[in-house]
Amino acid sequence: MAIKETTLSDLRELPWATIIALGAFSLLRPILSIVGAYDDGPLKKPVGPLILTALIIVVWIGTAVVRRFPRPVESLAFVGVAYGVLALLLNLSLQPFLDDAEVPPVPGMIGILVFNAAQGAVCGLIALALLRWRSRSGRA
């Protein structure tokens, strides 16, 4: 199995609108935290954040499979980065209004982006496996 180098034209072919949309969809989890949905009721911690995280992962992978992303690993890694950037921007924009909205230090910001990119890449590997299984089994 040869490793193909990603070129600029490969990056241009990624589904950027979908990448941004999935990153924005993922903001549902921190927004629910901000409005207190995890404080009590059916989404009380730790159940609520875990359910939302699982839902987000299913939506990411499902979208990559249904839309047949040509490069699901790279695409979902960028979804993770998009989510990380949007979450940091959300945090920064809420700073003047919420006492607990603290600016993470630069290493923390980098860590958020790297962690979410890695999470997206893992989801992309799962999507890639499902896409290959789907094409081999004739379910295209």
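As the structure is a computational prediction, the values presented were derived from the model and not from experiment.
- Hydrophobic clustering places Y38 together with L55 (ILVMFWY residues linked when any side-chain heavy atoms are closer than 4.5 Å, directly or through intermediates).
- Separation of atoms OG (S33) and CG (D39) is listed at 7.5 Å; rounding is to 0.5 Å.
- When all heavy atoms of R68 and L131 are compared, the pair lying nearest together is CA-CD2, 4.0 Å.
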Donor-acceptor pairs are to be reported for all side-chain atoms of residues 119-130 against protein atoms at under 3.5 Å, with residues two or more places apart or in another chain.
none

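- Following chains of ILVMFWY side-chain contacts shorter than 4.5 Å, one can reach L43 starting from V35, so the two form part of one hydrophobic cluster.
- For the residue pair G84 and I112, the shortest heavy atom distance occurs at CA-CG2, 4.1 Å.
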Q) Passes side-chain contact (heavy atoms from CB on, under 4.5 Å), L113 versus V85? Steps please. A) CA-CA 7 Å; L113 297 175; V85 168; 3.7 Å; yes
Atom pairs and distances, donor-acceptor, side-chain atoms in residues 13-32, under 3.5 Å, two or more places apart:
from	atom 1	to	atom 2	distance (Å)
W16	NE1	L11	O	2.7
T18	OG1	R67	NH1	2.5
S26	OG	L22	O	2.8
S26	OG	W60	NE1	2.9
R29	NE	P49	O	3.3
R29	NE	T53	OG1	2.8

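- I56 and L76 fall within the same hydrophobic cluster, where Ile, Leu, Val, Met, Phe, Trp and Tyr residues are linked whenever their side-chain heavy atoms come under 4.5 Å apart, directly or through other members.
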Below 3.5 Å, can you tabulate the donor-acceptor pairs from side chains in residues 87-94 to any protein atom, sequence neighbours excluded?
from	atom 1	to	atom 2	distance (Å)
N91	ND2	E102	O	3.3
S93	OG	L89	O	3.2
S93	OG	L90	O	2.8

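- Tested against I61, the residues I57, V59, T63 include a single side chain to side chain contact (heavy atoms under 4.5 Å, CB included) partner, I57.
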